[in-house]
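Structure record follows, encoded as structure tokens.
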Amino acid sequence: SKDDGKGACIFYSDCIRDRLLEEKDIENHMRAALQNGEFVVYLQPKIELGTRKVSGAEALVRWNRPGKGLIGPDQFIPMFERNGFILELDLYIFRQVCKRLRLWLDCGLTPVPIAVNLSRVHLHNMEFIEKYQRVAEHYRIPPRLIELELTESVVFDNFKIFMDLVRELHQVGFALSMDDFGAGYSSLNLLKELPVDILKLDREFFRETANNDRGKTVICGVVSMAKELNIRVVAEGVETEVQAAFLKKIGCDMAQGFLYAKPMPMGEFEAYVFGRKLD
Ligand code: C2E
Ligand code: CA
Ligand code: CA
Ligand code: CA
């Protein structure tokens, strides 16, 4: 459950102490956990709205903690962003994805591009681009098979750093996907300034606004402007056929959501896309 009995704490200071102990415990174990392969990559398909074919996937991390089960990223990513471990974890996920793409290529399969999430913390450690490039080269992965997702709000943290980052990523050949677009920061005008390749309409934005006409107008505006700018649009968190039909009608390119599939282990994804498991 969400508060795992923490609501039962009588004294506030006890709760804080429990949380600090829990954080310390995780900090003591996170590196070993990485070595032991406890962090697992799940893949969620992205569907081409025109053809209903799988045209990509997003890699989403899960932590398989012995005795505690599968833990979702919201439970540990914020802590790893505070203590810096996210840099190692993101690189690890990226490496796992490259390894798997190599396996698909070696098996004669036609891989779809995989999107990997990048924490905002990377913006203060720009050497990461070279590291990622080296990993992709090591596994001989064509850069067009790699997309990096960066949340929209980083643009406002430091516009110049963001622009430098996009330029460097494009030099390597990785595509940049603007995650959580519409979550509250962007203006349509800003879109013209952003040299991104893919725009992901935020799930919340979509859920809250898709039901009313004003929201629909905004989504239409974003999609049509993106089209003019040659930016592909992915809607995330699509759960109903009604939403999918609307998105298709207004020219949104791709959708990702429980309507099609939940994030799944890589073997299941292979069964889903290629009709065979490689595990
Ligand atoms: P995100 O990048 O916005 O990822 C989309 C989230 O929406 C995922 O949650 C996914 O499971 C969920 N989702 C997809 N379709 C639907 C739907 O139809 N309905 C609903 N209700 N949810 C849907 P998840 O896997 O729990 O990930 C949460 C967040 O954790 C991600 O949000 C991302 O910000 C972060 N994250 C996940 N993996 C990584 C990683 O490897 N590195 C970094 N830095 N962050 C990660
Ligand atoms: Ca994402
Ligand atoms: Ca997102
Ligand atoms: Ca989101």
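As the structure lists them, so they are numbered: ligands from 1, and atoms in each ligand from 1. Reckoned from all heavy atoms, side chains included, excluding hydrogens, waters and symmetry mates.
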Problem set entry | Nearest-option assignment for atom 28 (C) of ligand 1, heavy atoms, candidates Ile93, Asp179, Asp74 |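 Answer by nearest heavy atom: Asp74.
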
Exercise. If hydrogens are left out, which of Ile77, Asn117, Val61, Asp90 has an atom nearest to atom 33 (C) of ligand 1, that is, the closest non-hydrogen atom?
Worked result: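 Result: the heavy atom closest to atom 33 (C) of ligand 1 is in Asn117.
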
Please list, in number order, the atoms of ligand 1 under 4.0 Å from a heavy atom of [X].
X	result
Gln44	14 (C), 15 (N)
Gly257	15 (N), 18 (O)
Asp180	3 (O)
Glu58	2 (O), 4 (O)
Glu236	3 (O)
Val238	18 (O)
Glu239	17 (C), 18 (O), 19 (N), 20 (C), 21 (N)

For this session: Using a strict cut-off of less than 4.0 Å between a Lys/Arg side-chain nitrogen and an Asp/Glu carboxylate oxygen, indicate whether Lys200 and Glu147 qualify as a salt bridge.
Result: no

Exercise. In terms of side-chain geometry, is the basic nitrogen of Glu127 or Arg134 positioned less than 4.0 Å from the acidic oxygen of its partner?
Worked result: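 Answer for the salt bridge query: no.
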
For this session: Indicate yes or no: at least one non-hydrogen side-chain atom of Arg95 is less than 4.5 angstrom from one of Leu91.
Result: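 Touching, per the 4.5 Å side-chain cut-off.
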
Problem set entry | Intermediate values then yes/no, side chain to side chain contact (heavy atoms under 4.5 Å, CB included), Asp179 and Glu236 | CA-CA 9 Å; Asp179 207 350; Glu236 67 174 18; 3.5 Å; yes

For this session: Hey, can you tell me if Phe128 and Tyr132 have their rings parallel, tilted or perpendicular (30° and 60° cut-offs)?
Result: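 Correct class here is perpendicular.
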
Exercise. Would you call the rings of Phe80 and Phe39 parallel, tilted or perpendicular if under 30° counts as parallel and over 60° as perpendicular?
Worked result: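 Geometry flag for Phe39 against Phe80: perpendicular rings.
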
Does [X] come within less than 4.0 Å of ligand 1, judged by its heavy atoms?
X	value
Arg62	yes
Pro263	yes
Lys200	no

For this session: Would you verify whether the NZ or CZ of Lys249 falls within 45 degrees of the ring axis of Phe246 while also being under 6.0 Å from that six-membered ring's centre?
Result: no

Side chain or backbone of [X] under 4.0 Å from ligand 1, or both, or neither, by non-hydrogen atoms?
X	result
Asp202	neither
Lys262	neither
Ser119	both

For this session: Would you mind listing every salt bridge (charged side-chain N to carboxylate O under 4.0 Å, His left out) that reaches into residues 104-124, with sequence neighbours excluded?
Result: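 Only Arg102-Asp106, Arg120-Asp157 qualify under salt bridge (charged side-chain N to carboxylate O under 4.0 Å, His left out).
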
Exercise. Quick one: how many protein N/O/S atoms are under 3.0 Å away from the Ca ion (ligand 2)?
Worked result: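 N, O or S atoms of the protein closer than 3.0 Å: 4.
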
Exercise. Got a sec: does the CD of Glu137 have more than 12 other heavy atoms crowding it under 6.0 Å?
Worked result: yes

Exercise. For Lys248, does the NZ atom sit with more than 12 other heavy atoms under 6.0 Å from it, leaving out its own atoms?
Worked result: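 No, NZ of Lys248 has 12 or fewer neighbouring heavy atoms, counting only those of other groups under 6.0 Å.
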
Seminar exercise, completed: Heavy-atom closest pair (Tyr272 atom, Pro45 atom, distance to 0.1 Å) is CE2-CG, 3.7 Å

For this session: Indicate whether the side chain of Glu81 and that of Ser119 have a donor and an acceptor atom separated by less than 3.5 Å.
Result: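 Distance-only check passes for Glu81 and Ser119.
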
Exercise. So, His170 and Asp197: side-chain donor and acceptor under 3.5 Å apart, yes or no?
Worked result: yes

